[in-house]
Amino acid sequence: MIKKLIRKILGVKPSAKGANKPIVLSAKEHGIDVKLVSSNAIRVTHTLQDAGFKAFIVGGAVRDLLLGVKPKDFDVATNATPEQVKRLFRRAFIIGRRFQIVHVMFGQDLLEVTTFRAAASNDNNKDEHGRVLRDNTFGQQHEDAMRRDFTVNAMYYDPSTQVVLDYHNGIQDIRQKTLRMIGVPEARYREDPVRMLRVVRFAAKLGFTIDPATAAPIAVMATLINNVPAARVFDEMLKSLTSGHAMACLEQLRKEGLHHGLLPLLDVVLEQPLGAKFVTLALANTDARVQANKTTSPSFLFATLLWHQVLEKWNAYQAAGEFPIPALHLAADDVLEMQTEKLAIQRKIGSDMREIWAMQPRFERRVGKSPYKLIEHLRFRAAYDFLLLRCASGEIDASIGEWWTAFYEGDPAGREALLNAKIKPEKSDKSEKTAAKKRPRRRRSATQQSIDMNIDVSGKQENK
């Protein structure tokens with residue numbers, strides 16, 4: 001009775017006997033290159049199998065292997081309980097409340113091991129919107145496959161036999177480059193609204209088309225994301241922005257109507273020429289680093305996305321009579337406070353973002369000991385890269401970035417030469433003004449006096 005109810009909720013039609021059996025793909029049929037498989041993932045599956053359990057590499061790792069791409073992360077699914085898994089490995093830790101999983105560590109390499117899950121049937125474990133709050137009911141492998149989100153993520157690879165088990169014809173969707181939800185999309189989005197963000201990320205990252213039935217409910221159900229803990233939303237947004245296809249993810253989010261509330265005013269920024277260019281350059285820079293297997297900084301990434309909101313408020317505070325530096329700090333406070341409500345930006349990340357922003361006015365001081373002190377700052381490199389983005393977008397003069405590049409990369413003699421080159425013209429102007437004061441002055445017209453006054457004012461401004 002319960003199984004029939006579950007099938008009805010998920011939109012699964014009663015099937016013939018044996019329908020729970022997967023399509024079995026041999027090594028020749030799936031074509032996975034074993035060299036792309038993590039040795040530690042193989043070690044985990046072998047250890048579990050030797051202990052008498054089933055164990056498979058699962059999810060996105062299998063999808064990427066079938067696409068001929070080396071996976072960034074490897075997850076393992078097994079019929080062993082979290083406690084049984086933990087006992088088999090020296091460095092294993094059970095984590096999570098909603099989904100209890102095991103983290104198995106090999107040096108710096110982390111693998112997630114999950115136990116096969118049964119279909120969610122207890123309404124007491126859901127909130128009033130249908131979102132699953134707790135889900136530690138273990139079940140059979142075919143039930144676990146039904147619980148996964150997309151068909152392309154519901155395949156299981158056994159490194160020992162080199163076979164792939166495909167329960168929902170995911171191999172066909174991979175070949176057709178289609179993202180299709182397992183079950184009824186509306187019900188699956190209610191269970192976990194973050195799936196709407198995931199489908200956008202996978203579509204942008206993989207270059208796949210979203211199945212019409214999977215895409216249709218998103219616009220209507222987008223508001224359900226407001227019920228998800230902010231920390232989970234932040235984590236998913238960070239995955240999107242560090243996927244190596246950040247701009248494509250943002251464009252897809254806007255297309256599906258999912259961007260509202262995640263990055264407030266982003267639409268406004270992207271409608272402004274300087275703002276759009278700045279964000280585009282920042283995301284292109286991040287994508288290039290990801291694709292080159294270089295590290296990325298969440299602090300730097302979010303600092304760039306929110307900079308033009310800070311800049312707008314900074315200008316407003318100064319126009320209201322506030323001094324520049326306090327105005328910048330007030331602007332940063334306003335923007336971070338607004339964003340933290342939606343994205344739960346971690347305190348450490350927020351602190352680093354403030355430092356990157358606060359250092360920008362200091363780049364204007366290129367005299368005396370100031371440049372030497374600045375390059376010793378812990379966040380100098382991030383702030384310097386941020387400065388170069390401002391120059392490249394046309395927000396500030398490119399010569400400022402060129403000067404700092406020469407100073408940063410220069411030797412002691414070269415740095416002194418840069419400082420002296422800036423100081424000399426100022427001294428020369430000052431000496432000329434002193435000499436002019438000593439010469440007898442002739443009577444000048446009011447127009448000429450006005451011109452000279454403008455020259456002096458601009459000169460003083462330059463000296464500042």
Side-chain angles (χ1 to χ4, degrees), residues 59-61 63-64 67 69 71-73 75 112 148-150 152-153 177 179 181 185 188-189 192-210 214-215 218-219 221-267 269-270 275-276 278-309 339-346 349-350 353:
R63 179 199 66 224
D64 290 346
L67 290 170
V69 178
K72 185 178 179 181
D73 302 301
D75 297 337
E112 286 191 356
R148 297 191 176 270
D149 44 16
F150 310 111
V152 297
N153 289 344
K177 295 186 178 296
L179 274 176
M181 181 69 71
R188 305 309 305 278
Y189 291 144
D192 187 3
V194 169
R195 284 177 177 142
M196 289 184 278
L197 301 179
R198 284 167 59 81
V199 71
V200 166
R201 171 161 60 91
F202 290 141
K205 177 181 177 180
L206 302 172
F208 279 24
T209 300
I210 302 175
T214 299
I218 293 178
M221 305 183 75
T223 55
L224 290 177
I225 293 175
N226 295 328
N227 304 319
V228 177
R232 283 199 69 211
V233 177
F234 174 80
D235 183 58
E236 190 58 38
M237 280 299 298
L238 190 57
K239 288 179 181 178
S240 295
L241 296 171
T242 56
S243 64
H245 302 81
M247 196 64 200
C249 284
L250 282 186
E251 290 173 350
Q252 191 77 33
L253 282 171
R254 296 176 74 196
K255 178 182 176 182
E256 302 296 340
L258 287 169
H259 60 293
H260 298 297
L262 298 177
L263 291 170
L265 302 180
L266 183 62
D267 272 342
V269 171
L270 292 176
F278 184 83
V279 170
T280 301
L281 287 170
L283 296 181
N285 176 65
T286 300
D287 288 347
R289 291 188 64 84
V290 171
Q291 291 166 13
N293 293 320
K294 294 181 179 179
T295 58
T296 57
S297 166
S299 308
F300 182 86
L301 187 54
F302 280 99
T304 58
L305 290 177
L306 301 178
W307 170 243
H308 275 74
Q309 295 175 38
Q339 289 294 343
T340 300
E341 293 178 3
K342 295 294 183 181
L343 289 177
I345 295 175
Q346 298 169 15
I349 292 176
M353 291 166 64

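In this chain, numbering begins with 1 at the start of the sequence shown. Values below: every heavy atom of this structure, side chains too, minus hydrogens, waters and symmetry copies.
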Worked verdict on Phe202 versus Phe150 for side chain to side chain contact (heavy atoms under 4.5 Å, CB included): CA-CA 10 Å; Phe202 290 141; Phe150 310 111; 3.6 Å; yes
Among Ile210, Val199, Thr214, the one residue meeting side-chain contact (heavy atoms from CB on, under 4.5 Å) with Met181: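 One option only clears the test, and that one is Thr214.
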Salt bridge (charged side-chain N to carboxylate O under 4.0 Å, His left out) against Arg289, all qualifying residues, sequence neighbours excluded: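 By the salt bridge (charged side-chain N to carboxylate O under 4.0 Å, His left out) rule, Arg289 matches no residue at all.
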Any heavy-atom pair between the side chains of [Y] and [X] that's under 4.5 Å?
{"X": "Phe278", "Y": "Trp307", "answer": "yes"}
{"X": "Leu241", "Y": "Phe302", "answer": "yes"}
{"X": "Gln291", "Y": "Thr286", "answer": "no"}
{"X": "Val228", "Y": "Leu197", "answer": "no"}
{"X": "Met237", "Y": "Ile345", "answer": "no"}
{"X": "Val194", "Y": "Ile225", "answer": "no"}

For Asn153, all residues meeting side chain to side chain donor-acceptor pair (under 3.5 Å), sequence neighbours excluded: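 So Asn153 forms a side chain to side chain donor-acceptor pair (under 3.5 Å) with Arg63, Asp149.
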Partners meeting side chain to side chain donor-acceptor pair (under 3.5 Å) with Thr296 (sequence neighbours left out):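 Here no residue qualifies.
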Summary of salt bridge (Lys or Arg N to Asp or Glu O under 4.0 Å) pairs that have at least one residue in residues 200-210, sequence neighbours excluded: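 As it turns out, the salt bridge (Lys or Arg N to Asp or Glu O under 4.0 Å) pairs with a partner in residues 200-210, which skip direct neighbours, are Arg201-Glu236.
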Look up atom [atom1] in [X] and atom [atom2] in [Y], then write down how far apart they are to the nearest 0.5 Å.
{"X": "Gln346", "Y": "Ile349", "atom1": "CD", "atom2": "CD1", "answer": "4.0 Å"}
{"X": "Leu179", "Y": "Leu206", "atom1": "CG", "atom2": "CG", "answer": "6.5 Å"}
{"X": "Met196", "Y": "Leu253", "atom1": "CE", "atom2": "CG", "answer": "11.5 Å"}

Side chain to side chain contact (heavy atoms under 4.5 Å, CB included) between Met247 and Thr280, intermediate numbers included: CA-CA 7 Å; Met247 196 64 200; Thr280 301; 4.1 Å; yes
Just jot down the side chain to side chain contact (heavy atoms under 4.5 Å, CB included) partners of [X], sequence neighbours excluded, or say none.
{"X": "Ser297", "value": "Ser299, Phe300"}
{"X": "Ala222", "value": "Leu258"}
{"X": "Pro71", "value": "Ala61, Asp64, Leu65, Phe74"}

Any pair counted as side chain to side chain donor-acceptor pair (under 3.5 Å), so long as it reaches residues 239-251, sequence neighbours left out: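 Matches after skipping sequence neighbours: none remain.
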By ring pair (Phe, Tyr, Trp, His ring centres under 6.0 Å) - contacts of Tyr189 (at least two apart):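 Scan of Tyr189 (ring pair (Phe, Tyr, Trp, His ring centres under 6.0 Å), adjacent residues dropped) gives none.
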Side chain to side chain contact (heavy atoms under 4.5 Å, CB included) evaluation trace for Met353 with Thr304: CA-CA 9 Å; Met353 291 166 64; Thr304 58; over 6 Å; no
